[in-house]
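Heads up: the structure comes next, in structure tokens.
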Amino acid sequence: MINPNQKIDIIGAGIGGLTLAIALKKKGFAINVFEQANELKAVGAGIVLANNAMQVYEKLGMRNVLEQHGNVVKEFYLATPDLKPMAGASLQQFEDKYGVKNIAIHRGTLQKELEKHLTSEQLHTGYLLEQITRGEDDYQLQFANNKTVHSTLIIGADGIHSKARQAIFPESEIRNTNQICWRGVAEYQLPDAYQHQLIEAWGKGERFGFVKIASNTVYWFAVKSFKPGKAELGSEQLTDYFNYFNPMVNEIIEATPVNQIHAAPLTDLKPMKEWHKGGICLIGDAAHAMTPNMGQGAGQSIEDAHILSQCLGLFNPHEAFERYQDLRLKKVTQIINRSWQIGKIAHLSNPVAVFLRNQLLKLTPDSVNTKQTEMIFELAKVR
């Protein structure tokens, strides 16, 4: 077990980094979080904290406040462009089994609630990491603000373009899906049928998803395939892309201020076999960035934080990193690969292939979806 007085330096104040900091702090560890932004602003779109993530926040004493600020998701469905369900599952049995709900919430609200648990002495903003240098007995963290920090234990929670990962695994590979994702939050009153549902509609090379995150507030995402090198990040044509979907889809898009629609290419990290080396360990997107097709990017980083904090509380640093990797690697790799496959299937454009895909989805028993969901929601136990 690590001496609780030993400092642990976390690079990145995203959801994974902040969750890890809170979990370690509760165990009595001395922690520092270094964030490149000058301040943590309540930006971003929505997020679904699935049952596995909420189990972690229950353990951290945050379940009630997140339920108060978000909206309960009872069901999820894949649908046709006219929003007719093709496949899905009820989430009630998982609420009953694990004692927590699935919560859709604004990402900025979640970040703000996490930030409340750290002091200004623990959370350092304006620290953009430029380089990690290995010394004889420690590492030197060199930041763009000309500050240098000496560290013996570093947790890289700094996203898909992680400098911490580059320091130990420079050969890691980011993959491009040739898909663009737009995200937004709209003031919109959903019909009663959709109040507690997460819906994702698949078309011919496009898909659109939405979920209520607060009173009269809807988080949505839209994804479209483009030929390599032909991607358009602008949102001007967005309603044209989805003009064959249910009219409500474009109503939601048009209810969103243009300057609050965020677009980015969908990429992931080719699965890695190792997440740690020496005194550096990776979590979240720094270790296993995945496409959002299973809604588990943040959820898996939250799981990482939980498992790694448990391991650090029981074992010496090297063994803790090894146990964490052993407990997490197989599950995460399965989700990365499955998410990549779903992205390909969802964006079929040939009419015959689309028809066959939709028929297969309709014929898939709900029990299959439930079994896959069970695998995602179950947390590993640290022994």
Side-chain angles (χ1 to χ4, degrees), residues 8 10-26 31-37 39-63 65-67 69-71 73 100 102-118 122-125 127 155-162 164-165 181 183 185 211 213 219 221 262 264 268-269 275 281-292 294-310 324 328 332 335-336 339 376-377 379:
I8 300 176
I10 301 170
I11 310 300
I15 292 171
L18 291 175
T19 303
L20 176 62
I22 295 166
L24 290 173
K25 181 178 178 180
K26 285 183 175 292
I31 50 101
N32 281 311
V33 182
F34 297 100
E35 165 59 33
Q36 65 177 353
E39 60 178 309
L40 294 185
K41 297 180 180 179
V43 296
I47 184 173
V48 176
L49 296 173
N51 196 293
N52 55 324
M54 288 302 294
Q55 288 178 60
V56 174
Y57 288 133
E58 164 78 346
K59 297 176 188 298
L60 295 178
M62 296 183 63
R63 175 175 63 87
V65 70
L66 296 180
E67 288 182 357
H69 287 296
N71 181 54
V73 180
V100 296
N102 298 265
I103 301 297
I105 192 171
H106 196 287
R107 186 177 288 262
T109 301
L110 171 61
Q111 182 174 281
K112 189 179 297 183
E113 290 301 322
L114 293 171
E115 186 184 356
K116 289 178 181 179
H117 291 260
L118 302 178
Q122 295 167 328
L123 178 58
H124 310 275
T125 56
Y127 277 74
I155 309 299
D158 48 341
I160 190 170
H161 300 291
S162 168
R165 186 183 70 247
C181 181
R183 295 179 173 91
V185 173
V211 65
I213 59 173
Y219 161 56
F221 57 90
H262 307 282
D268 79 353
L269 189 63
W275 295 344
C281 187
L282 308 174
I283 71 167
D285 283 358
H288 48 70
M290 59 188 66
T291 53
M294 295 179 70
Q296 274 293 310
Q300 291 307 302
S301 71
I302 292 164
E303 273 196 50
D304 286 349
H306 168 64
I307 297 298
L308 182 55
S309 67
Q310 295 288 309
Y324 153 71
R328 297 287 297 133
V332 169
I335 294 175
I336 292 172
S339 187
I376 295 171
F377 288 175
L379 299 184

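Computed over heavy atoms, backbone and side chain alike; hydrogens, waters and symmetry mates excluded.
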Exercise for review: Kindly indicate, with the supporting measurements, whether the criterion side chain to side chain contact (heavy atoms under 4.5 Å, CB included) is fulfilled by W275 and H288.
Suggested key: CA-CA 9 Å; W275 295 344; H288 48 70; 3.7 Å; yes
Practice item. Start with the C-alpha gap between Q36 and D158, add the side-chain angles, then the distance that decides, and say whether side chain to side chain contact (heavy atoms under 4.5 Å, CB included) holds. Key: CA-CA 9 Å; Q36 65 177 353; D158 48 341; over 6 Å; no
Practice item. Evaluate the criterion salt bridge (charged side-chain N to carboxylate O under 4.0 Å, His left out) for residue pair K112 and E115; output intermediate values, then yes/no. Key: CA-CA 5 Å; K112 189 179 297 183; E115 186 184 356; over 6 Å; no
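For the pair G12 and V33, the tightest heavy-atom approach, listed with the atom from each and the gap, is O-CG1, 3.7 Å. For the residue pair A21 and I31, the shortest heavy atom distance occurs at CB-CD1, 4.0 Å. In terms of heavy atoms, A104 sits closest to V211 at CB-CG2, 3.9 Å. Shortest non-hydrogen contact noted between A53 and G299 is CB-CA, 4.3 Å. Between Y219 and G46, the shortest heavy-atom distance links the atoms CD1-N, 3.1 Å. Scanning both residues, E113 and H117, for their nearest heavy atoms gives O-CD2, 3.1 Å.
In this structure, CG on L308 lies 13.0 Å from CD on E303, to the nearest 0.5 angstrom. L123 CG to F34 CZ: the interatomic distance, rounded to the nearest 0.5 Å, is 10.0 Å. The distance from atom CD of E67 to atom CD1 of I105, rounded to the nearest 0.5 Å, is 10.0 Å. Considering CE of M54 and CE of M62, their distance stands at 9.0 Å, rounded to 0.5 Å. One distance of note links CD1 of I155 with CG of L282; it measures 8.5 Å at 0.5 Å rounding. Summarising the geometry, atom CG belonging to L269 is positioned 8.5 Å from atom CG belonging to D285; distances are rounded to the nearest 0.5 Å.
In this structure, the side chain of S309 engages the main chain of A305 through a donor-acceptor pair within 3.5 Å. With S339 contributing its side chain and I336 its backbone, the two residues share no donor-acceptor pair below 3.5 Å. At least one donor-acceptor pair under 3.5 Å links the side chain of R165 to the backbone N or O of I160. A side-chain donor-acceptor contact under 3.5 Å links N102 to the backbone of N51.
Counting non-hydrogen atoms of other residues, nucleotides and ligands closer than 6.0 Å to NZ of K25 gives a total above 12.
The side-chain heavy atoms of I47 and I15, taken from C-beta on, include a pair separated by under 4.5 Å. Side-chain atoms of R328 and I283, non-hydrogen and from C-beta on, never get closer than 4.5 Å to each other. Using a 4.5 Å heavy-atom cutoff, the side chains of K59 and L379 are in contact. With contacts defined as side-chain heavy-atom distances shorter than 4.5 Å, the pair I302/Y57 qualifies.
Under the 3.5 Å distance criterion, with hydrogens and angles disregarded, no donor-acceptor pair is assigned to the side chains of D304 and Q300. A side-chain donor from one of N52 and Q296 sits under 3.5 Å from a side-chain acceptor of the other.
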